[in-house]
Amino acid sequence: WRPLPRGARSFLVVAGVQKGGTTTLRLLVRRWADKLLPARPCASAIEEPHYWDRRGAFTEQPSAREVRRQYFQRNFAHCPAGSDWFEKSPAYYMFPHVPRHLCAALPRARVAVILREPSLRAFSSFHQTATHAAAMRGDVPGMDARDFHAYARLDVRIAEECGGIPGIPRPQGEGPFGECCRRVALALRPALGDHLPRLDRWPGCGCTEAQEGARQCTGVGHKRYMAVRMGAYAGYLKPWARRLPPGRLLVLTSTQLFADQGSTLRA
């Protein structure tokens, strides 16, 4: 397998985080790179390819032929030779198997992660979930401060008693994560039930088969229902740091991105 895709001078994957500023970064590159960089990078044809977190990636390393056809030809066939290629799929950050497969297939690629102040990022994620189609099914009844407080309280309790954060050891003696999580959710139903009506089957504890097929399941709950846990950045970054040398893992903050866009793009 080639260290970089044929025709690319460099290759960057923006792996996270959701609601951290990745869409803003892509827009900056597409609209302002000519003024801020020597040459315009070439973005993937699909805004978020989500190739590396697809179904089956938990156990199977994709072949070089598959990566070439399903990833590069679908997303970068339009990119000029000798240009800098990049894509952003912020869910990559959440899946520990992604750095293993991505780094094995592309050993010279660079990875960037944009972090945002955890509580602000969690509220933004909650707001997105509450306004998503999930809200129409009754998963989250509203989006005011009391609803978010209930949501955050539940996710913090799940993390404290059951774990559910990659790279961080689980508490001893609590049994499988799903069982522990459902027990915590049911225990909090009297206090939080007015704001979180599905605590008897809380999606943050596990996923249905259909959700797993749609890349919604992280192994420790549906990715839309663990917004507070997602902010435990150290645990999620450990698998990336183990496989990428410091020069190829770029960790930024949304504050840096918005305060100095030129320096962020040049980094």
Side-chain angles (χ1 to χ4, degrees), residues 16-20 53 55 58 90-97 115-238:
V17 300
Q18 290 177 312
K19 313 309 294 181
D53 59 343
R55 182 176 174 86
F58 285 96
Y92 289 166
Y93 153 88
M94 300 179 65
F95 295 90
H97 69 275
L115 306 181
R116 185 179 178 185
E117 196 282 323
S119 62
L120 295 177
R121 199 220 60 80
F123 181 77
S124 182
S125 179
F126 168 80
H127 186 276
Q128 182 183 54
T129 297
T131 55
H132 196 263
M136 293 185 286
R137 299 196 304 268
D139 295 335
V140 178
M143 61 181 91
D144 64 22
R146 293 172 299 175
D147 298 318
F148 176 66
H149 176 76
Y151 177 96
R153 180 178 171 187
L154 172 61
D155 213 24
V156 168
R157 182 69 67 84
I158 290 171
E160 290 176 342
E161 298 192 15
C162 309
I165 300 173
I168 296 179
R170 290 189 53 217
Q172 296 290 329
E174 292 296 338
F177 171 80
E179 294 180 9
C180 177
C181 182
R182 285 186 286 272
R183 184 169 63 250
V184 169
L186 287 175
L188 288 175
R189 183 161 58 177
L192 306 181
D194 290 342
H195 300 282
L196 304 174
R198 291 186 61 196
L199 290 179
D200 59 329
R201 46 194 176 95
W202 182 243
C205 295
C207 301
T208 65
E209 183 176 348
Q211 290 167 344
E212 290 181 0
R215 299 186 302 271
Q216 301 297 311
C217 192
T218 67
V220 286
H222 192 292
K223 68 182 182 181
R224 291 187 178 276
Y225 297 86
M226 46 187 299
V228 176
R229 281 180 280 157
M230 198 190 306
Y233 297 136
Y236 286 94
L237 288 173
K238 282 183 178 180

Starting at [atom1] of [X], measure out to [atom2] of [Y] and round the result to the nearest 0.5 Å.
X      : Y      : atom1 : atom2 : result
Gln18  : Arg121 : CD    : CZ    : 7.0 Å
Leu188 : Arg157 : CG    : CZ    : 4.5 Å
Lys223 : Met230 : NZ    : CE    : 8.5 Å
Ser125 : His127 : OG    : NE2   : 11.5 Å
Leu154 : Cys205 : CG    : SG    : 7.0 Å
Phe177 : Ile158 : CZ    : CD1   : 6.0 Å

In terms of the angle between their ring planes, are Tyr225 and Tyr151 parallel, tilted or perpendicular, with boundaries placed at 30° and 60°? tilted

Indicate the ring-plane relationship of Phe126 and Phe123, choosing parallel, tilted or perpendicular according to the 30° and 60° boundaries. tilted

Salt bridge (Lys or Arg N to Asp or Glu O under 4.0 Å) with [X]: which residues, sequence neighbours excluded?
X      : answer
Arg116 : none
Arg146 : Asp144
Arg229 : Asp155

Mind checking whether Tyr233 and Val17 have side chains closer than 4.5 Å, heavy atoms only? yes

Please report the closest heavy-atom contact between [X] and [Y], naming both atoms and the distance.
X      : Y      : answer
His222 : Met226 : O-CG, 3.5 Å
Ala150 : His195 : CB-CB, 3.7 Å
Ala159 : Ile165 : CB-CD1, 4.1 Å
His97  : Asp53  : NE2-CA, 3.9 Å
Gly204 : Cys181 : O-SG, 3.9 Å

Looking only at the SG atoms, are Cys162 and Cys180 under 2.5 Å from each other? yes

Using side chain to side chain donor-acceptor pair (under 3.5 Å) as the criterion, list what pairs up with Glu117, not counting sequence neighbours. Ser119

